[in-house]
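Worksheet: the structure to be examined is printed underneath.
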Amino acid sequence: MTGNASVRTRFAPSPTGHLHVGGARSALFCWAFARHHGGRFLLRIEDTDQKRSSEEAGLGFFQDLAWLGIDWDEGPQFESCGGGETGPYFQSERLEIYAKHFDQLIESGAAYPAFETTEELTEARREARANKQAYRYNRASLSLSEETIQQYLQEGRPHVLRFKVPDDREIVIEDAVLGEVRVSPGELEDFVIRKADGFPTYHFAVVVDDSLMKVTHVIRGQEHLANTPKHMLLQEALGFTHPVYAHVSLIFNPDGSKMSKRDKDKLLRREVRERKIEGPPADSSIDNSTWETWTGDKTVQLPTEAACSLAICLGIDLPEIDVADFQQAGYLPEVLLNYLALLGWSPADGREQFDATYLAEHFDLERIVKSPAKFDRDKLLAFNLDAIQDMSEGDFVSAFRSFCDSFHPEVVSQFDEETFAHFARANKERSKTLFDPIRTGGFFLEDDESITWEAIKPVRKALCNGEPCGYDRLEAILPVLKDLEDWTVSSLETVIENWAEANAEGNLGKVAQPIRVAVSGGPISPPIYDTLVILGKSSSIRRIERCLAARETLCPTA
RNA sequence: GACCCCAUCGUCUAGUCAGGUCCAGGACGUCAGGUUUUCAUCCUGAAAACAGGGGUUCGAAUCCCCUUGGGGUCGCCA
């Protein structure tokens, strides 16, 4: 680690929804930058929106970050992370701190109360838009007489606090990624810094907190670039120094739209609208009031479970957007971290696959790319495959085990410990995700009696084609298998290979494939000896017998 | 609509700041072969880009301008 130990970065999510990949990448860059310089990385929860913040979401963020391996030195306490001298790290607990700074701005005349109602402002905006003009707050409340203001305040009229933007100067952002960004005088309006409910707005809280928490580098998404002049002006009015800003480009969907945590809701809303669905589907887990709130307000997100169940009812797949989605889909945390780091940054030596330690060693702001990046599932999948193939068998078994514990407990209860491990090992070399063994190995979990054979091409090819056909060979080898006492990979290998040598010109496929189809119901399985051992002797025999019984249906003898 | 940001293979990118070593390199994907008891791997090879137009210069992917295209912001959300 080199450089400046006083470096302090922060990730400051609002606890609405879950950690999505864009946020995760911002957090990762902040983390990597702090680690690279031997500085500190802080986590702060921006819960100043009383309407939308929820406690569980905060916890989800912690778990997602921890899963990725992004640890924070200061912030909310979670496992071994958190603590620190500059807290509290929930903005909702810092109201007194903000109050002090509000007073400071009021006294210096840099902030003033404004009494317009939300309705009035909405109307003014609508009108400006209709006239194709840029809307800016007209400072009406600024020209109120001192008397009127006092009267309004005494009446207890609801009001916000606005920041009086100096409109005579150009603002220059020295962005570490974008370079100089200039904003002309008069571009900014007098924005709100304290809401009518007394809570600070994002702009105010972020400036006060970053300064008090001694944040030196603000690395965040480019959607914040337009806010930066506001923040800089506020810093000057409060007597704070400017941090270094680094605005990272956005992450897009393959179709070019911004990859957003709202994408799932967008998709669901569109489906619901197109199919003219009026209420929550009966077999979904959504109650009427949740449905009403969701359909009534486009900014409301459906809770994860509700969204999943609705998607299942509608028969559509939700895109993977949140870190948790990728976890559940069977991606490895170190792979997602690697891929995310590569979206907009690359090391000077051109390496593509690396771990968090390497990232911390090599990360810098200079090599961050300015242009936006599309999220490429295929490349992520390829990386995941590589990482899985690089794992030791033991590591894979335990990774697969904890994946199953979390998301597919039925797989764990299906096998005894040793067979579970065998199942995992046998699937490793063909797995791109931790879910793949389950996806392609469904037949292991099924009951012997519920295996069915469809007369699709590869099945017929294995069983019906040729002379002798697969069925003939199956029939011939069944007694051999029945006689085998020692049902192990090595014994099966010996027996089946010898049989193939004697009866199929040494062509193993001629006998392996019919057996595979018989025991699995389809043409895909792990290596045949492993498959038979995992299944066990009685299941294997039973399935072959049932398959033989279906011969007439599958290969009708015209 | 106003302001701001961006622009190299289908995608992520190297190269751009310090112009020549770039008829543009890598990765994913695609295509064609090969290995393999299935699938998946694995191996070999191929196609594939400097958005367009003007400048500056002996020389431009690299610097400047315009056009076009994409994106962001314009909330008492963050």
Side-chain angles (χ1 to χ4, degrees), chain A residues 12-16 46-49 51-53 91 114 116-118 121-122 125 128-136 158-162 173 175 177-179 181-184 187-189 191-197 199-203 205-206 221-229 247 249-250 252 254 256-258 299 339 342-346 348 350-353 366-367 369-383 385 389 427 429-432 436 440 458 462 496-497 500 507-513 515-517 520 522-529 531:
Chain A
S14 61
T16 54
E46 311 230 328
D47 54 351
T48 54
D49 186 355
K51 289 192 282 289
R52 242 170 293 179
S53 293
Q91 289 186 328
E116 291 78 10
T117 63
T118 311
L121 294 170
T122 310
R125 272 186 209 108
R129 211 178 187 90
N131 296 332
K132 299 207 166 200
Q133 285 182 330
Y135 170 79
R136 251 170 239 134
H159 65 280
V160 300
L161 204 59
R162 283 184 187 267
I173 309 167
D175 193 277
V177 172
L178 299 171
V181 178
R182 291 167 181 276
V183 180
S184 308
E187 286 296 331
L188 266 39
E189 67 167 354
F191 55 94
V192 175
I193 55 178
R194 188 179 66 197
K195 309 176 205 174
D197 65 5
F199 272 61
T201 60
Y202 161 73
H203 303 300
V206 80
Q222 239 178 66
E223 72 265 28
H224 288 294
L225 182 60
N227 294 327
T228 307
H247 287 95
S249 67
L250 274 8
F252 291 159
S257 63
K258 181 185 164 189
T299 62
Y339 182 73
L342 222 44
L343 230 43
W345 181 82
S346 62
R351 253 178 88 165
E352 286 210 306
Q353 302 198 352
E366 289 72 44
R367 296 189 62 84
V369 147
K370 297 182 193 179
S371 48
K374 287 178 187 159
F375 195 95
D376 182 0
R377 301 281 151 96
D378 287 335
K379 187 152 179 171
L380 176 66
L381 200 58
F383 276 32
L385 170 88
Q389 300 321 316
N427 276 290
E429 68 168 3
R430 292 180 333 289
S431 289
K432 297 186 174 189
D436 274 354
T440 60
I496 293 176
E497 265 178 27
N507 193 333
L508 204 51
K510 295 272 188 228
V511 58
Q513 195 60 4
I515 297 177
R516 168 172 290 114
V517 170
S520 75
I524 302 166
S525 90
I528 194 63
Y529 313 121
T531 301

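Nothing here was measured: the structure is a model prediction, and the numbers come from that model. Letters go in sequence order (proteins before strands), and every chain restarts at 1. No hydrogens, no waters, no symmetry mates; every other heavy atom, side chains included, goes into these values.
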With [X], which residues qualify under ring pair (Phe, Tyr, Trp, His ring centres under 6.0 Å), at least two apart?
| X | answer |
| --- | --- |
| A:F383 | none |
| A:F191 | A:F163, A:H203 |
| A:F375 | A:F326, A:Y339 |

Which residues pass the salt bridge (Lys or Arg N to Asp or Glu O under 4.0 Å) test with A:E352, not counting sequence neighbours?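 A:E352: salt bridge (Lys or Arg N to Asp or Glu O under 4.0 Å) contacts with A:K379.
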Residue closer to the 5' end of RNA chain B, A:E116 versus A:R430 (nearest nucleotide):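 Of the two residues, A:R430 wins.
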Mapping A:Q91 and A:L385 onto RNA chain B by nearest heavy atom, which one lands closer to the 5' end?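 Comparing both residues, the 5'-ward one is A:L385.
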Sugar-phosphate only, base, or nothing, as touched by [X] at under 4.0 Å among non-hydrogen atoms:
| X | answer |
| --- | --- |
| A:S371 | sugar-phosphate |
| A:H159 | nothing |
| A:R367 | sugar-phosphate |

Check every nucleotide of RNA chain B for an atom under 4.0 Å from a heavy-atom of chain A, then give the first and the last such nucleotide from 5' to 3'.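 Range of nucleotides within reach of chain A: B:G1 to B:A78.
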G-U wobble or Watson-Crick pairing nucleotide for B:A27 (cut-off 3.5 Å, both distances):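 In the structure as shown, B:A27 has B:U11 as its Watson-Crick or wobble partner.
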Write down the partner of B:G20 under the Watson-Crick or G-U wobble criteria, each distance required to be under 3.5 Å.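 Here B:G20 is engaged in a pair, and the nucleotide opposite it is B:C58.
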How would you list, by chain and number, every residue that makes a side-chain hydrogen bond (donor to acceptor under 3.5 Å, both in side chains) with A:Q353, sequence neighbours excluded?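 Residues passing side-chain hydrogen bond (donor to acceptor under 3.5 Å, both in side chains) with A:Q353: A:D386.
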Student check: side-chain heavy atoms of A:R136 and A:L188 closer than 4.5 Å: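 No. Closest side-chain heavy atoms not under 4.5 Å.
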